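Take a look at the structure below.
Proteins get letters first, then strands, A, B, ... in listed order; numbering begins at 1 in each. None of these values were measured; they are calculated from a predicted model.
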Number of protein chains: 2
Amino acid sequence: MTRRVADSPKPLYQQLADSLRAKIISGELSPGSQLPTEKDLCEEFATARQTVRHGLAVLVNEGLISPARPRGYFVRRHELSYVRPQSEWRPQPSSPEMDRWMEEQTTLGREPSQRISVEIIQPPSKVAERLNIQPTSLVVARRRVRYIDSEPFNINDTFYPYELVKGSEILNPADIARGASQVLTELGYEQVRATDEIEARMPLPDEVARLELGPGNPVLVHRLTGYTANDEPVRCTVNVLIGSKHVVLFERVKPGKASL
Amino acid sequence: MTRRVADSPKPLYQQLADSLRAKIISGELSPGSQLPTEKDLCEEFATARQTVRHGLAVLVNEGLISPARPRGYFVRRHELSYVRPQSEWRPQPSSPEMDRWMEEQTTLGREPSQRISVEIIQPPSKVAERLNIQPTSLVVARRRVRYIDSEPFNINDTFYPYELVKGSEILNPADIARGASQVLTELGYEQVRATDEIEARMPLPDEVARLELGPGNPVLVHRLTGYTANDEPVRCTVNVLIGSKHVVLFERVKPGKASL
DNA sequence: GAGTGGTCTAGACCACGGG
DNA sequence: CCGTGGTCTAGACCACTCA
């Protein structure tokens, strides 16, 4: 009946979102706690259910709350893990069965697991650019989804030019105990330099499915390209991380000050 | 009247979102092109306007489209810039009036500008942790919002322990011609090492305002902490980048292979 | 069964920008 | 002015889970 926002500076659904958001940020509504039900909010704001839902949807898409049907809405928890890309050039794992990442996670008391598959395909255009090859030539794609405590953690796809690695262990869809870098070195393509590109975006539908993401969950895309001493690209890794679960960490030393 | 999704595997609004998303990803609807109006979609999918709006809202929050009232919905364009954090340790700008970032942008043919303000405050908790100081002690916050061609580009806030920089040029809310690093060195706190932390999340309300963001726009947060040779933290920079406009770039060389 | 959120309708009025 | 999307209502039925 009434309403008409005319005299009010902001739409009602935004006022509702602002009000709840403020309580979340201030900590009045702490992570894991339950919000009032839609019905309660209808009464509190004297409005229709759709309007309340609109306001709640704003917060869902901001990643602040998430609905757990049919129990209600809850303030989201954000537990961050650190990822250290330079681990590429750190010591090899002690157990040959386990790759570097899995060992690291086990050390932290978590239960890591992964699923690996290998395909020979034409590369995605961005990968072709970085490997400096034609999009019609072939690459070996080693794809894995990594899990921690049975929850999807990241997607890690590495692409190698097929000509470089054909016939090698890289084609085998299992852990490479001594590390893929070692295999590349043995093939005569030692990786001595790498570039890292990092961007943030909303996930594509296939990423939503593979990482079991809901709304309000951006992904962090970390693209790593490795080069030989001749500046020849030998691999390109595309790492899709769940934004709310990862921080990527780098360490840098001022040139000429390497010896701390 | 009819409806009832019972016989259909997915809700109608999702079918609509899926259908349009597929056209966008395949390129049938190219960046910048206009989508059918809500009314058209109501007819095409034989449904009510709210349902169509629900489906469109999904795509808006995925960052794929954006409404330009009252002209209609358009497929979003994504133009990426690169940011190179190690520029910290690269040559100083040729013009003393211009800082490194502005020079870089000018070289690229863009029109950079920035607004700088300086405050003396108690640090945010994450900054206090990284500077290894009490949250109640004071820091100097140099805040800037950078613009390119009058559009907000990023937020760049640097925090220095007040005790370290009091009385210095750092307190002056203007460009520091020779660079803040140089000033720190002159004060006896040469930064020789840095850690970079990068994460992706949805923006907070103040970031939405300062960067003029709409829905479906995650931000990339780049937190840089600089240390002296004694491992004493001397500054912490928090860089908030618009996800859809930035790629962060690093370069790494295998230890012992530094001389390419 | 009761209560939660999820989907959907068929209307309504508003604000805004371009012809 | 007209057409666009933006806000809002007052209903309805569904699916799911927990007591």
Side-chain angles (χ1 to χ4, degrees), chain A residues 1-20 29 32-62 64-76 208 213-216, chain B residues 1-20 29 32-62 64-76 208 213-216:
Chain A
M1 310 295 113
T2 75
R3 201 138 0 292
R4 293 324 81 150
V5 207
D7 54 328
S8 188
K10 278 192 170 189
L12 235 182
Y13 79 93
Q14 275 190 30
Q15 294 179 39
L16 184 147
D18 290 347
S19 156
L20 291 175
L29 285 167
S33 65
Q34 183 168 9
L35 273 68
T37 65
E38 293 183 352
K39 192 158 150 289
D40 291 346
L41 291 168
C42 287
E43 291 169 11
E44 183 180 342
F45 288 83
T47 186
R49 190 171 156 226
Q50 284 289 9
T51 304
V52 167
R53 285 179 60 71
H54 193 170
L56 290 169
V58 169
L59 300 180
V60 169
N61 286 308
E62 288 177 357
L64 293 176
I65 66 176
S66 94
R69 214 179 47 157
R71 291 182 294 120
Y73 291 84
F74 291 82
V75 180
R76 276 180 52 179
V208 168
L213 297 173
Chain B
M1 306 299 112
T2 74
R3 188 156 10 302
R4 295 320 84 146
V5 208
D7 52 328
S8 190
K10 278 192 170 190
L12 235 182
Y13 80 92
Q14 275 191 30
Q15 293 178 40
L16 185 146
D18 290 347
S19 156
L20 292 174
L29 285 167
S33 64
Q34 184 169 9
L35 273 68
T37 65
E38 293 182 352
K39 194 158 149 289
D40 291 346
L41 290 169
C42 286
E43 292 169 10
E44 183 180 340
F45 287 84
T47 186
R49 190 171 155 227
Q50 284 289 9
T51 305
V52 167
R53 284 179 61 73
H54 192 169
L56 290 168
V58 170
L59 300 180
V60 168
N61 286 309
E62 289 177 356
L64 293 176
I65 67 177
S66 93
R69 216 181 45 158
R71 293 181 296 117
Y73 290 86
F74 292 81
V75 179
R76 276 181 53 179
V208 169
L213 297 172

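A side-chain contact (heavy atoms from CB on, under 4.5 Å) with A:L20 holds for exactly one of A:L35, A:I65, A:L64; it is A:L35.
Note that the CD atom of B:E62 and the CG atom of B:L59 stand 5.5 Å from one another [nearest 0.5 Å]. The CG atom of B:L12 lies 6.5 Å from the OG1 atom of B:T51; values are rounded to the nearest 0.5 Å.
When each of C:dG5, D:dG6, D:dT17 is scored by its nearest atom to the side-chain atoms of A:P70, the top-ranked nucleotide is D:dT17. If you check D:dG5, C:dT4, D:dC8 against the side chain of B:T37, the one that comes closest is D:dG5. Comparing atom distances between the B:E38 side chain and each of D:dG6, D:dA10, D:dT7 picks out D:dG6 as nearest. When each of D:dT9, C:dG6, C:dC8 is scored by its nearest atom to the side-chain atoms of B:P11, the top-ranked nucleotide is C:dC8.
C:dG5 atom P lies 9 Å from atom CZ of A:F74, rounded to whole Å. Between the P atom of C:dT9 and the CG atom of B:L16 lies a distance of 11 Å, rounded to the nearest Å. At whole-Å resolution of the value, CD in A:Q14 and C1' in D:dG6 are 10 Å apart. For the pair A:F45 CZ and D:dA10 P, the computed distance is 17 Å after rounding to whole Å. Rounded to an integer number of Å, the gap from B:K10 NZ to C:dG6 P is 16 Å.
Distances shorter than 4.0 Å separate none of the side-chain N or O atoms of B:Y13 from OP1 or OP2 on C:dT9. In this model, the phosphate group of C:dC8 is not approached by any side-chain N or O of B:T47 to a distance below 4.0 Å at OP1 or OP2.
A residue-by-residue look at A:Q34 and B:A48 shows that A:Q34 has its nearest nucleotide of DNA chain C further toward the 5' end.
In this model, no side-chain donor or acceptor of A:R71 finds a partner on the base of C:dG3 within 3.5 Å.
With sequence neighbours left out, the side-chain hydrogen bond (donor to acceptor under 3.5 Å, both in side chains) criterion links A:R71 to no other residue.
The shortest heavy-atom contact between A:R49 and A:C42 is CA-SG, 3.4 Å. The two atoms that bring A:L16 and A:L56 nearest to each other are CD2-N, 4.2 Å, heavy atoms only.
At a cut-off of 3.5 Å, with distance as the only test, a side-chain donor of B:Y73 or B:E38 sits close to an acceptor on the other residue.
Contacts between residues 50-59 of chain B and DNA chain C, counted as heavy-atom distances below 4.0 Å, involve B:Q50, B:T51, B:H54.
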